[in-house]
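Being a predicted model, the structure only gives us computed values, none of them experimental. Numbering starts at 1 and runs along the sequence shown.
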Amino acid sequence: MEERELVRTFIEKDGHSMDFYFIYKDGNKITQYKVDCSTELRTEIIDGYLNELKRHFSIDSSYKLYSVYDDNERAGAVIYHDDIDTNVVAQNIFLFNKGSVEAYKKEGGDFSAIYGYLINLSDGEFEISLFKKSMPTQALKKSRFYNLVAGTDDKFNIINSDILVFPRSYDVISINKRLIIINYSIYEKYFGFKEVLKRRAMVSFAQLAKISGFFFTQNAILKFPSLSSTMQKKLVNCLVNNPILNKENYDGIKTQARRYLKQEFAINAESKIVINSKKELQNLIIILNRDINYNAPAKEVYLTRNKKLLKRYKSKK
């Protein structure tokens, strides 16, 4: 993926500049305020975030990058990517008129009301924007806590002001119109990903319902919204270049369901596979997504891409 190489090249350059923003959220309205930083803090933030980028994107990094719509179960160090054009929340956070942003002032909003932090790093040619979701525990009010600092003599003194603890990590990155998701749970909860996924799954479900070999009852249609996020991802993926559907191997689908899922699909008068329940809908998606290692309908015997196997098969000699 070209973004990985862009980040590596970006890290190796010198003379990076940085703009720092507080983000406030009122309903669906997101507002950025530019934060004035001392030279020392600016240098600390640039160095800290470049080191974090290096940890995720250097040549010897163990982190692997996958589409956020990938339904496979992943183990180890994983990060995801998405297109910013598909996510309105991300557009509101990352794409704004930087020339019209007001400077942050204390009276503009309490520290505890900060929705997130945005760091824009530039190497003079490319810009990388990094978002970190703010949590209430990161704002320490002097009226609620004794804000202490240890001096060089090991004696503690009170910091007589509100304190903001700003993490050296990030949740989502925007580069070259691509979103890199480091913290999937933050992306799912605060970037409206569930709604985006649901809309895409609805389109895929409408396409699936038009396929001549299937008949979906009203009950199955009503059960669609209750599909899990994992099953919705499978649905989005399973119609793309699908060998089962390309071969119109509906008999193979019935055999696969009977043999490995203990599912006996009903057949109507038009010889179509009837999908009536949520379980039948899920089993059809599992078969079409080729989650079973031995895939009879597609005439495939293969190792899946780290999908959760329903059953393991020994190769026949």
Side-chain angles (χ1 to χ4, degrees), residues 66-75 78 80 184-185 188 193-317:
Y66 300 100
S67 168
V68 74
Y69 295 100
D70 194 311
D71 64 287
N72 298 323
E73 293 190 352
R74 300 295 181 186
V78 176
Y80 296 95
Y184 177 82
S185 62
E188 183 180 60
F193 177 64
K194 283 188 175 181
E195 288 303 313
V196 176
L197 176 60
K198 184 177 179 180
R199 288 195 295 270
R200 291 188 63 165
M202 287 177 66
V203 172
S204 296
F205 184 66
Q207 294 171 346
L208 183 62
K210 291 179 180 178
I211 294 174
S212 60
F214 308 121
F215 175 78
F216 292 85
T217 67
Q218 187 64 25
N219 185 60
I221 293 171
L222 292 174
K223 293 296 183 183
F224 161 74
S226 65
L227 291 179
S228 67
S229 295
T230 297
M231 199 58 63
Q232 289 179 35
K233 288 182 183 180
K234 293 181 187 294
L235 178 56
V236 169
N237 287 314
C238 75
L239 301 185
V240 180
N241 298 323
N242 192 306
I244 302 172
L245 298 176
N246 292 342
K247 296 172 184 178
E248 297 184 347
N249 191 349
Y250 304 118
D251 287 338
I253 291 174
K254 290 183 287 183
T255 302
Q256 191 90 331
R258 185 183 307 115
R259 182 176 298 171
Y260 301 118
L261 301 175
K262 309 303 180 186
Q263 174 73 63
E264 190 71 49
F265 285 125
I267 308 299
N268 67 8
E270 298 176 323
S271 300
K272 295 184 177 184
I273 295 175
V274 178
I275 306 299
N276 179 56
S277 67
K278 180 178 178 180
K279 180 181 178 182
E280 290 172 346
L281 176 57
Q282 290 181 150
N283 283 341
L284 176 63
I285 293 171
I286 286 170
I287 292 171
L288 292 178
N289 200 52
R290 291 118 80 199
D291 283 355
I292 301 170
N293 242 21
Y294 180 75
N295 196 290
K299 300 187 186 307
E300 296 173 331
V301 179
Y302 62 99
L303 291 176
T304 59
R305 296 173 303 151
N306 201 29
K307 289 188 170 77
K308 182 180 180 181
L309 305 183
L310 301 182
K311 188 174 181 179
R312 294 189 179 274
Y313 306 96
K314 295 181 180 178
S315 59
K316 295 180 180 179
K317 295 183 179 180

Minimum side-chain heavy-atom gap [X]-[Y] below 4.5 Å:
X      : Y      : answer
Thr230 : Lys234 : yes
Ile244 : Arg290 : yes
Gln256 : Leu261 : no
Phe224 : Leu208 : no

Checking the side chain of [X] only, and the main-chain atoms of [Y] only, is there a donor and an acceptor separated by less than 3.5 Å?
X      : Y      : result
Lys278 : Ser226 : yes
Asn242 : Leu288 : yes
Asn289 : Asp291 : no

Enter the distance from [X]:[atom1] to [Y]:[atom2] here, rounded to the nearest 0.5 Å.
X      : Y      : atom1 : atom2 : answer
Ser229 : Phe193 : OG    : CZ    : 7.5 Å
Thr255 : Asn249 : OG1   : CG    : 8.0 Å
Lys279 : Ile286 : NZ    : CD1   : 10.0 Å
Asn241 : Asn237 : CG    : CG    : 11.5 Å
Glu280 : Lys223 : CD    : NZ    : 12.0 Å
Glu248 : Asn246 : CD    : CG    : 9.0 Å

Heavy-atom closest pair, residues [X] and [Y]:
X      : Y      : value
Lys233 : Tyr69  : CB-O, 3.7 Å
Ala220 : Ile275 : CB-O, 3.2 Å
Thr217 : Val274 : CG2-CG1, 3.9 Å
Lys198 : Gln232 : CA-OE1, 3.2 Å
Ile267 : Lys254 : CD1-CD, 3.3 Å
Leu235 : Ile285 : N-CG2, 3.9 Å

Original post:
Can you say whether the rings of Phe205 and Phe216 are parallel (under 30°), tilted (30 to 60°) or perpendicular (over 60°)?
Top reply: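 Ring orientation, 0 to 90° scale: perpendicular.
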
Original post:
Phe215 and Phe265: aromatic ring centres closer than 6.0 Å?
Top reply: no

Subject >> CA sep, side-chain torsions, deciding dist, call: Ile253, Phe214, side-chain contact (heavy atoms from CB on, under 4.5 Å) >> reply: CA-CA 11 Å; Ile253 291 174; Phe214 308 121; 3.9 Å; yes

